[in-house]
2 protein chains.
Amino acid sequence: MITSHNGPQPADFTDVRATNLAVVLRFVRENAPCSRADIAASTGLNKATVSSLVADLIDRRLLRETGLTEHRVGRPATMLVLDGSPYAAIGIEVNVDYITAVAVDLKGEELLNWRRSFPGGTSSAAQAVVAMAALARRVVSRMTKEARQVLGLTVAVPGLVDVNGIVRVAPNLGWRDADLAGDLTKALRDPGFPVLVDNDANLAALAEHRFGPHRNAANLVYVTGEVGVGAGIVMDGRLRRGGQGFSGEIGHIEIAPAGPTCRCGRRGCLEAVAGIGAILAHTAPDASPSELELEIDEVVRRARDGEPDILALLEGVGRHLGRGMAAVANLLNPEVVILGGYYVPLAPWLVACAEEEMFGRVLAPGGGGCRLEVSTLGYGAAALGAAARVLDSVDSGRLPAQR
Amino acid sequence: MITSHNGPQPADFTDVRATNLAVVLRFVRENAPCSRADIAASTGLNKATVSSLVADLIDRRLLRETGLTEHRVGRPATMLVLDGSPYAAIGIEVNVDYITAVAVDLKGEELLNWRRSFPGGTSSAAQAVVAMAALARRVVSRMTKEARQVLGLTVAVPGLVDVNGIVRVAPNLGWRDADLAGDLTKALRDPGFPVLVDNDANLAALAEHRFGPHRNAANLVYVTGEVGVGAGIVMDGRLRRGGQGFSGEIGHIEIAPAGPTCRCGRRGCLEAVAGIGAILAHTAPDASPSELELEIDEVVRRARDGEPDILALLEGVGRHLGRGMAAVANLLNPEVVILGGYYVPLAPWLVACAEEEMFGRVLAPGGGGCRLEVSTLGYGAAALGAAARVLDSVDSGRLPAQR
DNA sequence: TTTAGTTAGTTTCGTAGCCAAACAAATGAC
DNA sequence: GTCATTTGTTTGGCTACGAAACTAACTAAA
């Protein structure tokens, strides 16, 4: 069906066209290279309609004929692929000690991936805007030099971002009520593309949903493993942000009422017992944000060496994590929960016990079909997801104008 | 936009028409009585289009002209209302000790509400099908006598219902893997309307979403307060069932690790510390299912009388419930959590402390705007929601055929 | 009483964009 | 060389939307 069920939103022909353009675009993305006939056969659209849609998409430089044809009985087909060259989507991630910028083309191919160290933990939002604008300008000019049109820019922020894109609270950055999108747009002086802001876990979930090995899953949860623990929720094929945009705050659900005190002042939060801080508190209590990665490497080394106290520590973290994931699985019944961030290198010592705890606590038979997996997208998942956010709006029909 | 984003689903004219018919229908539902001109002005549809859509809906006997007109400057308007008389939607709820059947018209007006005692707890699914079929037949024949066409029948079951409508597990009924929808359709012998099955909490959430005082909330959670505790989740305006249909199983998230043993064998489940059983275990440990309502009345009486041990008991339950709701609010950020079932009569002694616990544990400022409210729909919420499910499919464009 | 003004709903016409079917094109098989 | 097969385009028909003109029914004011 056509409707999106939120209030009176009538449809007309342009909607039909936009929908079908998006259908063809998505189909080619998933099945490239493919012919017009393939598209017609698989989508149910008429051949004539497909021809017209494809012509439109070629005009907009979203598709390209490869000229290549298979050869078998019958007229050879002209194959179609996404045209990677004319466009770029930019994603930026701010974090405690760095800013990452990623640009991808329509296919999701990474065009660049720049990381600048930046003292996010001690900088104001205004300073961050300056730094991000500088970085964004360089990325944009690089893209322009490559003759690419920038379709949009999205910023991933570790914190609560409301439905209007205002950063309400970003505890690790010390920000409150910052209109990042507005300020960044101003700093970029009429950039000619939309600038959006979203929560990092949400965007990482989007990256997994579009690019990850579980991209078929319409229901997935991505869990960030940083100092803060958060989740991005995809249900029925779309990010679900909740009423104000604050969904996925699993870091502060109570796991161990008698546990250690959390940064938020309460006791036994998931973040306090299974966040990265809970590990480093035992191994490197004075580590600064910029040393996190090194310290985790050290933990991995010691685990590999089989140090019993480290193994016990990680098992405990895994079990607590599993309890949290059980709550997630019971409440949301996703097809997969994906662990990201620093949970990735630590996964070999976490996942088994986390799974055991989780499956033991999920009511639905067979855990409701929910698997616990480890992200393969690396640390840049949120930045990649930020770029994916831009591609998503193309996918859902907001195509760049005709030539 | 038009797309529903799940896989290649192209659109054509019939989709446009269906969408716009649904838009008009929903508008009239919300704003009756109203004129064609009102509809055009508010929805953005062209006057001509509205006229055509309305004519179609009148033909299908979904709308009716009231003939009544206001009188002010200009030509008086012919007002439109939903036509309540030609159709009916049926909802049936099975539970431990009764079966309820509800029929509503298009407006949601209750046409009948029948309750039959039925030993669900000790009957097989097959026996339940016989009982439900008998009841359904009587409801259908009553509707037919009133010259109403039955649009559909939905059954609410307290248990895990998968995406295909199979009851996987219904602990309180002792059922496993029952194809209720299929069997009931067979028992009704080609009823001429769709028969669906869904989880009771899901359907109660739907009832709240359509009929409740918070019907504007696009994100809400309904919590059943029975022996089992479950939730129905509405996000972005639709029920979210998860990958296999098992979302909302909050009854078995761990609230008090050192708490009492739950029916499921684990300790400290929400259900075990804040379910109705947790209350009755202290007041009437040997109560049979059919006595639940009486026993709760007794608890209410004693609470009203101010018995200290009862007040303490309820405060404890409220606090545990609040902790569970904090997890829900952190994870989903709904606009409102609605307590239903036996929590309703007990609300005066539960809500304050539950709120206190909940707001103390939600990370988002101001609790993310999430309110804790009490259902006003009464015990029949699930049955009403089952009927609402039928109306929902009409709303989303599956209209009955033209005359 | 007439006339002007206002609002409601219909009619007419133009257009977008879908589908079906016929057709043209390009190849392999025999 | 002809036929079969498959691809993609062209043509025509149809649906359903929007714009604008028009009719209808009323109030207000001259």
Side-chain angles (χ1 to χ4, degrees), chain A residues 1-3 8-24 27-28 31 33-59 63 65-80 397 399 402, chain B residues 2-3 8-24 27-28 31 33-60 63 65-80 397 399 402:
Chain A
M1 247 294 293
I2 229 169
T3 176
Q9 260 173 267
D12 67 1
F13 301 116
T14 59
D15 295 318
V16 173
R17 188 67 173 179
T19 302
N20 290 340
L21 285 168
V23 164
V24 171
F27 184 86
V28 176
N31 301 82
C34 62
S35 69
R36 291 168 173 80
D38 294 338
I39 300 172
S42 298
T43 61
L45 287 162
N46 188 281
K47 283 199 297 174
T49 309
V50 170
S51 273
S52 151
L53 291 165
V54 165
D56 204 346
L57 291 169
I58 289 176
D59 263 6
L63 294 188
E65 296 186 341
T66 54
L68 295 174
T69 66
E70 297 168 21
H71 59 147
R72 47 183 151 62
V73 179
R75 172 177 166 177
T78 44
M79 301 309 263
L80 300 164
L399 307 184
Q402 220 137 335
Chain B
I2 227 167
T3 177
Q9 259 173 266
D12 67 0
F13 299 114
T14 57
D15 295 317
V16 174
R17 189 66 174 179
T19 302
N20 289 340
L21 284 168
V23 164
V24 171
F27 184 87
V28 176
N31 301 83
C34 62
S35 69
R36 292 167 174 82
D38 294 338
I39 300 172
S42 298
T43 61
L45 287 161
N46 188 282
K47 282 198 299 173
T49 308
V50 170
S51 273
S52 151
L53 291 165
V54 165
D56 204 345
L57 291 169
I58 289 177
D59 262 5
R60 291 166 199 262
L63 294 187
E65 296 187 340
T66 53
L68 295 175
T69 66
E70 296 168 22
H71 62 149
R72 45 180 153 60
V73 178
R75 171 175 165 177
T78 45
M79 302 309 263
L80 299 164
L399 307 184
Q402 220 138 337

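Just so we're on the same page: letters track the sequence lines, and every chain starts at 1.
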K.L.:
Would you check, one step at a time, whether the test side chain to side chain contact (heavy atoms under 4.5 Å, CB included) holds for B:Arg17 with B:Leu53?
P.N.:
CA-CA 8 Å; B:Arg17 189 66 174 179; B:Leu53 291 165; 3.4 Å; yes

K.L.:
Do the non-hydrogen side-chain atoms of A:Leu399 and A:Leu57 ever get within less than 4.5 Å of each other?
P.N.:
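When only atoms from C-beta onward are counted, A:Leu57 and A:Leu399 do touch, with a gap below 4.5 Å.
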
K.L.:
Can you measure B:Asp12 atom CG to D:dT15 atom P for me and round it to whole angstrom units?
P.N.:
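Rounding to the nearest Å, CG of B:Asp12 and P of D:dT15 are 12 Å apart.
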
K.L.:
Both B:Val73 and A:Gly44 contact DNA chain C. Taking the nearest nucleotide for each, which residue is further toward the 5' end?
P.N.:
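On the 5' side of the pair lies B:Val73.
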
K.L.:
Closest heavy-atom contact between A:Ile58 and A:Glu65?
P.N.:
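Taking every non-hydrogen atom into account, CD1-CG, 3.9 Å.
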
K.L.:
Without decimals, in angstroms, what is the distance between B:Ile58 CD1 and C:dG9 C1'?
P.N.:
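Checked: the CD1 to C1' distance equals 12 Å.
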
K.L.:
Decide side chain to side chain contact (heavy atoms under 4.5 Å, CB included) for A:Ile39 and A:Lys47; before the verdict, give the C-alpha distance in whole Å, the side-chain angles of both, and the deciding distance to 0.1 Å.
P.N.:
CA-CA 8 Å; A:Ile39 300 172; A:Lys47 283 199 297 174; over 6 Å; no

K.L.:
How many angstroms lie between CG in B:Asn20 and CG in B:Asp56, if you round to the nearest 0.5 Å?
P.N.:
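Here the interatomic distance stands at 11.0 Å.
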
K.L.:
When you measure from the side-chain N and O atoms of B:Thr78 to the phosphate of C:dG9, is any distance below 4.0 Å, counting only OP1 and OP2?
P.N.:
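For C:dG9, OP1/OP2 do have a side-chain N/O of B:Thr78 under 4.0 Å.
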
K.L.:
Taking atom P of C:dC18 as reference, at what distance in whole Å does atom CD1 of A:Ile39 sit?
P.N.:
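It works out to 14 Å between those atoms.
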
K.L.:
Write down the protein N/O and nucleotide N/O pairs, taken from nucleotides 10-17 of chain C, whose separation is under 3.5 Å; answer none if there are no such pairs.
P.N.:
from, atom 1, to, atom 2, distance (Å)
C:dT10, OP2, B:Ser51, OG, 2.2

K.L.:
Going by heavy atoms in the side chains, are B:Leu80 and B:Asp38 under 4.5 Å from each other?
P.N.:
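Result no, sub-4.5 Å side-chain heavy-atom pair not found.
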
